[in-house]
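Treat the numbers as computed from the prediction; the structure is a model and nothing was measured. We count residues from 1, following the sequence as given.
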Amino acid sequence: MLFRDSAAAVAAECLSGALFFRLTEQFVHVHGHRPSTSEVRSWERSIPVLASALNDAGLGQVEMLLEYGLPLNSKRADAVLAGVHPETGMPSYVVVELKQWSSAEPDDDDPSLCRLDGYRRAVLNPVEQVRGYCEYLISFNGALAEHPERLSGAAYLHNATWFGVGGLFEAEQNEFGQLFIGERRGEFVDFLRAKLGTGSGASAADELLSGKIAPSKQLMAVAAQEVREREQFVLLDEQQVAYRTVLNAVRRAKQSDHKEVVVVTGGPGTGKSVIALALLGELYRQGTTALHATGSNSFTTTMRKVAGARKPAVQNLFKYFNSFMTAERNGLDVLICDEAHRMRETSANRFTPAANRTGKAQVEELIDAARVPVFLLDEHQVVRPGEMGTVEEIAAAAEKKKLGYQVVPLDSQFRCGGSEAYLRWVVRLLGLEPGGPEVWEPDDKMQLAVADSPQEMESFLDARRAQGYSARMSAGYCWKWTTKVPPGQELPADVTIGDWARPWNVRGNRAVAGAPPAALWATDPAGFGQVGCVYTAQGFEYDWSGVIIGPDLVWRGDRWVTDRTRSQDPVFKKATPDAEVDRLIRNTYKVLLTRGMIGTVVYSTDAETREKLRELAGAPARDESRTPDGPTAGSVPLARGEQVASSDTRNAERPAPGGTGPS
């Protein structure tokens with residue numbers, strides 16, 4: 001949230017012009033960069049209109065929460081209005097989405113989408129957008145979870161006339177999503193009076209802001225229900241656009257013997273796998289032939305285990321990319337290719353029978369297998385030589401086959417508590433974006449700590465587990481990995497740092513001495529105590545992440561230096577160029593540093609690197625009175641990212657999370 005005050009006060013701030021300077025200042029503090037010109041312009045044109053409507057309705061004491069951030073998510077609602085219901089006297093809230101549109105028309109295929117002049121792609125109907133925000137808030141804010149009747153949603157197109165946007169009213173409307181236009185301003189004023197009384201909304205706003213934030217519904221914990229019911233997750237904005245784009249393509253394919261390719265792109269935590277599950281569930285429920293495929297053994301094994309736990313037939317919905325070498329052409333209606341950045345040049349390997357060696361590129365095999373092949377990918381999560389899933393590669397394959405394709409980008413992200421600031425800090429830290437490392441400026445979504453030793457890191461994470469949170473330790477591939485463990489023996493402690501030693505996660509598909517198989521390391525609570533590598537961590541998330549940066553990446557002077565000789569990763573062959581190894585090592589640590597949903601504890605085996613990390617993470621805060629389960633003397637020195645007053649207290653009060661799951 002960027003600003004909060006009564007409607008009367010907001011109107012006065014708008015009149016003086018001070019509000020927009022304050023919003024800009026707070027935006028820079030929260031997001032680390034200045035808002036765009038278009039965003040500032042939207043504030044200047046829309047916020048006064050909303051404040052005026054409230055004051056004209058006699059609701060000057062209603063609290064306006066401007067640019068309200070959705071919990072565990074980087075999305076922001078334009079405004080949440082907090083007040084007292086005029087009839088019940090109970091707290092009442094209205095989520096308002098403000099649009100400057102003067103004209104828009106529903107998409108020909110789907111009234112939930114709409115078309116605007118100057119936009120090449122369809123966008124979500126504002127009614128659907130605000131409805132999604134309401135449903136999401138009910139799922140995650142404790143003040144609303146037990147009282148959904150207290151929440152309403154409205155999209156207000158204050159520049160619009162019926163002539164310009166009348167078609168948008170075709171979208172279904174309900175309490176969580178109603179549409180109002182400037183030409184009929186009186187209807188919007190009446191709506192506000194019906195939901196909010198004239199009394200002060202300060203207490204109601206306090207209650208909303210102090211509501212317990214429910215843990216993120218981890219994908220694996222609800223996969224079984226998701227596949228069959230699809231109601232477990234709320235898809236927002238461009239996620240909904242991606243979801244509907246695929247369903248519309250499927251409908252066209254059925255109606256007109258049509259084939260097209262859909263590509264969904266987005267960074268870590270943008271919800272690609274949630275979209276994949278939502279699609280699979282809906283298609284499965286419709287009786288449409290669809291399969292889910294990945295290039296990840298861990299991901300596929302976990303999906304099979306959890307989603308098919310009560311219905312074994314569901315396990316057959318999850319395949320590998322190399323399962324389609326001999327598939328019937330267009331034998332499926334839909335093939336959902338999750339983590340498509342892990343596609344290889346070819347599906348064949350040394351074990352492939354000669355009869356199956358078609359010579360075809362893997363991307364072509366996947367496109368050929370279904371009427372609507374769907375690729376979900378993040379081009380910046382490539383961590384192995386030979387992984388080549390990119391938008392350019394897929395587009396070229398589609399054009400070669402003279403097929404149409406659509407690309408839907410996902411912008412918002414849900415990993416790392418929805419903290420865009422933390423993700424930006426990570427990519428700048430590792431030199432994956434220009435500008436160089438920057439000092440971490442704590443927000444209220446993500447916490448950061450630097451450990452002096454692996455013992456401190458492990459102790460810190462174990463204390464979080466005692467509270468019911470999930471936690472894992474992972475590391476760069478800098479220690480040899482024992483591949484064969486004789487039956488009855490413990491896992492060897494391969495990861496050794498001084499007098500601290502722990503085993504790598506199990507290598508293979510069988511449990512060893514109580515440790516889960518590799519594919520379940522990230523989701524089975526018994527995975528804590530083993531150190532995961534990037535191949536078992538990639539695609540998954542947990543509440544707290546401990547990351548060991550090994551000697552393959554060290555800070556020297558004013559820059560990072562990668563040392564390929566310190567890497568034990570067998571995929572780095574002598575023929576792999578140094579520049580590619582450098583990129584892959586940095587990408588590896590980006591993946592590891594973005595697994596945590598609440599916080600990350602980082603430790604480097606190199607003293608100079610630890611000092612640099614401490615400098616970049618901010619001044620240590622050892623004030624135990626401000627830290628839940630506060631570290632005792634000599635434990636992890638918490639960086640400023642653990643600002644108890646804003647975030648840690650909230651997280652300490654959260655119900656224990658329900659497990660871990662893939663992003």
Distance-only donor-acceptor check, side chains [X] and [Y], under 3.5 Å:
{"X": "Tyr422", "Y": "Thr594", "answer": "no"}
{"X": "Ser347", "Y": "Glu365", "answer": "yes"}
{"X": "Asn505", "Y": "Tyr535", "answer": "no"}
{"X": "Thr600", "Y": "Ser545", "answer": "no"}
{"X": "Thr346", "Y": "Gln362", "answer": "no"}
{"X": "Asp606", "Y": "Ser604", "answer": "no"}

Query raised in the report: How far apart are the C-alpha atoms of Asp552 and Arg564, what are their side-chain angles, what is the distance that settles it, and do they pass the side-chain contact (heavy atoms from CB on, under 4.5 Å) test?
Result: CA-CA 6 Å; Asp552 59 345; Arg564 66 184 296 163; over 6 Å; no
Between [Y] and [X], is there a side-chain heavy-atom distance shorter than 4.5 Å?
{"X": "Leu491", "Y": "Val506", "result": "yes"}
{"X": "Gln239", "Y": "Leu236", "result": "yes"}
{"X": "Val602", "Y": "Leu593", "result": "yes"}
{"X": "Val512", "Y": "Glu490", "result": "no"}
{"X": "Trp555", "Y": "Arg610", "result": "no"}
{"X": "Ile275", "Y": "Leu376", "result": "yes"}
{"X": "His33", "Y": "Phe27", "result": "yes"}
{"X": "Cys533", "Y": "Trp504", "result": "yes"}

Query - salt bridge (charged side-chain N to carboxylate O under 4.0 Å, His left out) between Lys400 and Glu364, worked out - result: CA-CA 10 Å; Lys400 177 181 177 182; Glu364 291 189 40; 3.1 Å; yes
**Report entry** CD/Glu345: more than 12 non-hydrogen atoms of other groups inside 6.0 Å
**Finding:** no
Query raised in the report: How far apart are the C-alpha atoms of Leu461 and Met473, what are their side-chain angles, what is the distance that settles it, and do they pass the side-chain contact (heavy atoms from CB on, under 4.5 Å) test?
Result: CA-CA 8 Å; Leu461 295 174; Met473 297 179 292; 3.6 Å; yes
Requested in this report: Look only at the side chain of His292 and the backbone of Phe318, and say whether a donor-acceptor pair between them is shorter than 3.5 Å.
Outcome: no
Query raised in the report: Is the backbone N or O of Ala526 less than 3.5 Å from a side-chain atom of Gln530, with the two atoms forming a donor-acceptor pair by type?
Result: yes
To the nearest 0.5 angstrom, please state how far the [atom1] atom of [X] sits from the [atom2] atom of [Y].
{"X": "Lys319", "Y": "Ile336", "atom1": "NZ", "atom2": "CD1", "result": "14.0 Å"}
{"X": "Trp440", "Y": "Asp443", "atom1": "CH2", "atom2": "CG", "result": "4.0 Å"}
{"X": "Met343", "Y": "Cys337", "atom1": "CE", "atom2": "SG", "result": "7.0 Å"}
{"X": "Arg502", "Y": "Asp494", "atom1": "CZ", "atom2": "CG", "result": "13.0 Å"}
{"X": "Tyr542", "Y": "Met597", "atom1": "OH", "atom2": "CE", "result": "12.5 Å"}
{"X": "Thr576", "Y": "Leu584", "atom1": "OG1", "atom2": "CG", "result": "8.0 Å"}

Query raised in the report: Does Trp521 have its ring centroid less than 6.0 Å away from the ring centroid of Phe540?
Result: no
Query raised in the report: Taking the six-membered ring for Trp, are the ring centroids of Trp500 and Tyr603 within less than 6.0 Å of each other?
Result: no
Taking only distance into account, with no hydrogens and no angle test, what donor-acceptor pairs under 3.5 Å do side-chain atoms of residues 424-435 form with protein atoms, sequence neighbours excluded?
unit_1 : atom_1 : unit_2 : atom_2 : d
Arg424 : NH1    : His31  : O      : 2.7
Arg424 : NH2    : His31  : O      : 2.2
Trp425 : NE1    : Glu438 : O      : 2.8
Arg428 : NE     : Gly436 : O      : 2.7
Arg428 : NH2    : Gly435 : O      : 3.3
Arg428 : NH2    : Gly436 : O      : 3.2

Query raised in the report: Run the salt bridge (charged side-chain N to carboxylate O under 4.0 Å, His left out) check on Asp237 and Lys75 step by step: do they pass?
Result: CA-CA 9 Å; Asp237 293 0; Lys75 282 292 180 186; 3.0 Å; yes
Do you know which two heavy atoms are closest between [X] and [Y], and how far apart they sit?
{"X": "Cys478", "Y": "Gln568", "value": "C-CG, 3.5 Å"}
{"X": "Pro437", "Y": "Leu616", "value": "CB-CD1, 3.6 Å"}
{"X": "Val485", "Y": "Gln489", "value": "CG1-O, 3.7 Å"}
{"X": "Leu553", "Y": "Ile549", "value": "O-CG2, 3.5 Å"}
{"X": "Trp479", "Y": "Gly550", "value": "CH2-CA, 4.2 Å"}
{"X": "Leu377", "Y": "Ile394", "value": "CD2-CD1, 3.4 Å"}

Requested in this report: List the steps, then state whether side-chain hydrogen bond (donor to acceptor under 3.5 Å, both in side chains) holds for Asp563 with Thr565.
Outcome: CA-CA 5 Å; Asp563 184 351; Thr565 67; 2.4 Å; yes
**Report entry** Stacked cation flag Arg586 on Tyr589, 6.0 angstrom / 45 deg
**Finding:** no
Requested in this report: Tell me whether the guanidinium CZ or amine NZ of Arg472 lies under 6.0 angstrom from the six-membered ring centre of Trp544 and within 45° of its axis.
Outcome: no
Query - Audit row: Asp578, Thr562, side-chain contact (heavy atoms from CB on, under 4.5 Å) steps and yes/no - result: CA-CA 9 Å; Asp578 288 345; Thr562 54; over 6 Å; no
Requested in this report: Could you check Thr609 against Arg556 for side-chain contact (heavy atoms from CB on, under 4.5 Å), going step by step and ending with a plain yes or no?
Outcome: CA-CA 8 Å; Thr609 307; Arg556 291 293 179 263; 4.3 Å; yes
